[in-house]
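Worksheet for the structure shown next.
Naming: A, B, ... by sequence-line order, numbering from 1 per chain. Only a predicted model underlies this, so the values are computations on that prediction, with no experimental measurement involved.
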Number of protein chains: 2
Amino acid sequence: MQSKYTVQSYISYSLATAHRKIHTSLTRRLKEFGVQVEAWRIMEILETETDFTMGDLAEVVLMNPPTLTKLVDRMVSDGIVHRRIANRDHRQVNLVLTELGLKRIHQIREQVQIEDDEIFRRIGSEKAKMLHTILTEIGDLDLQ
Amino acid sequence: MQSKYTVQSYISYSLATAHRKIHTSLTRRLKEFGVQVEAWRIMEILETETDFTMGDLAEVVLMNPPTLTKLVDRMVSDGIVHRRIANRDHRQVNLVLTELGLKRIHQIREQVQIEDDEIFRRIGSEKAKMLHTILTEIGDLDLQ
DNA sequence: TGAATTTAGTTGACTTGGAAAGTGTTTTCA
DNA sequence: TGAAAACACTTTCCAAGTCAACTAAATTCA
C-alpha cells in the first residue's frame with residue numbers, strides 16, 4: 001500500500017488501471033462490430049431477461065438514466081433492440097432484442113469467445129476466483 | 001464465475017462495478033472542492049515529482065494526451081498548476097504546483113484523510129493486500 | 001374522489017473524453 | 001550538414017456522460 005496517496009485515491013486508481021486495460025481491450029475488439037461495451041453488456045442481459053425495465057438495467061449496468069436512454073436510442077436506431085411499453089405500468093419501458101440483435105450477439109460471441117479462453121488462462125482460474133471474491137465484497141461496500 | 005457472459009465482459013463489468021463505487025464516492029467528495037478525481041491524482045503526483053512531463057503523467061494516470069492537455073488547461077485556469085517548458089527538450093512541458101495548488105492539497109487531504117481510515121478498515125488490511133496483489137498482476141497483463 | 005406527491009423515463013444545455021490531424025522541436029542518417 | 005523521420009504536445013471536431021428540468025403515469029391520502 002503506497003502511503004503518500006490517500007487510500008481512496010490509490011484504490012480508485014488501481015482499480016481503474018486494471019479495469020481500463022481489460023475495458024480498452026474489449027472496447028477495441030467490440031468496435032469492429034460497431035458495438036459499445038455497455039451495449040454489449042445490455043445485449044447479453046436481454047438475451048435471458050425479457051422484462052427488464054430501463055430502471056432495472058440502469059441499476060445493473062450502473063449507468064445514469066439519461067446516459068442509458070441515449071445509449072438505448074443508439075441501439076434502437078441501429079436496429080438491435082426496440083422499446084416496448086410495459087403492460088403493468090405504462091411509464092415503464094421493456095427492451096426487446098430484435099432478430100438482428102440476436103444475430104449480432106452470435107456473430108460477436110463467436111469471435112470474442114476465442115480470445116476469452118486465452119485471457120482466462122492468463123489470469124489463471126485461482127486468481128480469477130480471488131478476484132471475483134474480492135470484487136464482490138468490495139462491490140458490497142456501502143460507500144455513502 | 002458466471003458462464004453465460006464472456007469472460008472479458010464479466011471481468012470488465014466486475015471491475016467497473018467495484019471501481020465505480022469507490023470512484024463515485026471520491027468524486028462526490030472532491031467535487032465539494034471543485035476538483036476532478038484525475039486532477040486530484042495529478043496533484044498528489046506533482047507534490048513529490050517535480051520533473052514529470054505531460055507524457056509521463058499521461059502514462060501514469062492512464063489518460064490520452066489530448067484529454068490530459070484539456071484537464072491541465074482547466075487546472076491552469078484554476079490556478080492550481082502552471083506549465084513550464086522543459087530545459088533539456090523544448091517540446092516537453094513540466095507541470096508545477098502553484099502556491100494555491102499546494103494549499104488546496106492540504107485543505108482537501110485534511111478532509112478526505114479522515115474517511116480514509118474508515119474505508120481502509122471496512123475493506124480490511126488483508127483484503128486490501130490481496131486486492132493490491134491481484135490488481136498489480138492483472139495490471140501487468142498485456143492485453144494486446 | 002381528486003389534488004398533491006411520487007415515480008419512470010426523456011430532453012436539453014453543458015462538460016468531458018477520444019481519434020486524427022496539426023505545430024514546432026529534436027533526432028537520425030545519407 | 002541538412003532533408004526526412006520521429007517525437008511531445010496541442011487543436012479540432014465529434015461522441016458520450018452528467019445535471020437539472022420536464023412529461024406523463026401511478027400512487028397517496030385528506
Side-chain angles (χ1 to χ4, degrees), chain A residues 16-17 19-21 23-42 46 51-78 80-96, chain B residues 12 16 19-21 23-32 34-42 51-78 80-96:
Chain A
T17 307
H19 172 240
R20 199 129 166 186
K21 291 214 176 176
H23 189 80
T24 302
S25 149
L26 189 56
T27 300
R28 188 182 47 68
R29 282 159 49 206
L30 287 176
K31 200 168 185 181
E32 298 166 25
F33 303 92
V35 174
Q36 238 177 302
V37 175
E38 289 74 17
W40 173 239
R41 171 83 190 163
I42 290 171
L46 294 182
D51 55 356
F52 258 39
T53 64
M54 295 293 276
D56 294 334
L57 264 183
E59 200 172 323
V60 172
V61 299
L62 285 182
M63 296 180 89
N64 290 334
T67 308
L68 180 59
T69 291
K70 278 172 253 189
L71 174 57
V72 168
D73 285 348
R74 273 173 258 142
M75 293 173 78
V76 167
S77 71
D78 288 347
I80 291 174
V81 297
H82 68 87
R83 287 180 164 90
R84 195 181 55 200
I85 290 177
N87 287 332
R88 63 185 71 166
D89 185 334
H90 293 300
R91 292 170 305 179
Q92 295 183 325
V93 170
N94 291 143
L95 289 185
V96 186
Chain B
S12 173
H19 172 240
R20 196 129 167 184
K21 290 213 176 176
H23 189 81
T24 302
S25 151
L26 189 56
T27 300
R28 188 182 48 66
R29 282 160 49 209
L30 286 176
K31 200 168 185 182
E32 299 166 26
V35 174
Q36 237 177 301
V37 174
E38 288 75 17
W40 173 239
R41 172 84 190 162
I42 289 172
D51 55 356
F52 258 38
T53 64
M54 296 290 277
D56 295 334
L57 264 181
E59 199 172 323
V60 172
V61 300
L62 284 183
M63 296 179 89
N64 290 333
T67 308
L68 180 59
T69 291
K70 277 173 270 186
L71 174 57
V72 168
D73 284 348
R74 274 173 256 138
M75 293 174 77
V76 167
S77 72
D78 288 348
I80 291 174
V81 297
H82 68 87
R83 287 181 165 92
R84 195 181 55 200
I85 290 178
N87 286 332
R88 62 184 71 165
D89 186 334
H90 292 303
R91 291 170 305 180
Q92 294 184 326
V93 170
N94 292 141
L95 289 185
V96 186

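How far CG of A/Asn94 is from CG of A/Leu57: 9.5 Å, rounded to the nearest 0.5 Å. Between the CG atom in A/Leu62 and the OG1 atom in A/Thr67 there is a gap of 11.5 Å [rounded to 0.5 Å]. Note that the CD1 atom of B/Ile42 and the CE atom of B/Met63 stand 6.0 Å from one another [nearest 0.5 Å].
Atom C1' of nucleotide C/dA8 and atom CG of A/Asn94 are separated by 12 Å, given to the nearest angstrom.
Looking only at atom types and distance, the side chain of A/Gln36 has no donor-acceptor partner in the side chain of A/Arg41 under 3.5 Å away.
Think of the region where chain A sits on DNA chain D: with heavy atoms and a 4.0 Å cut, that region ends 5' and 3' at D/dA16 to D/dA26.
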Task: From CA spacing to verdict: side-chain contact (heavy atoms from CB on, under 4.5 Å), B/Met54, B/Leu68 - done: CA-CA 8 Å; B/Met54 296 290 277; B/Leu68 180 59; 4.0 Å; yes
Task: Derivation and outcome, side-chain contact (heavy atoms from CB on, under 4.5 Å), residues B/Met75 and B/Val81 - done: CA-CA 6 Å; B/Met75 293 174 77; B/Val81 297; 3.8 Å; yes
Open item on the list: For nucleotides 16-26 of chain C, give me one character per nucleotide, 5' to 3': B if any protein heavy atom sits under 4.0 Å from the base, S if the only such contacts are to the sugar-phosphate, - if neither.
Closed with: SSBBB---BBS
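The closest donor-acceptor contact from the side chain of B/Asp89 to the backbone of B/Arg91 lies under 3.5 Å.
Listed by chain and number, the residues in a side-chain hydrogen bond (donor to acceptor under 3.5 Å, both in side chains) with B/Asp73 are B/Arg83 (sequence neighbours excluded).
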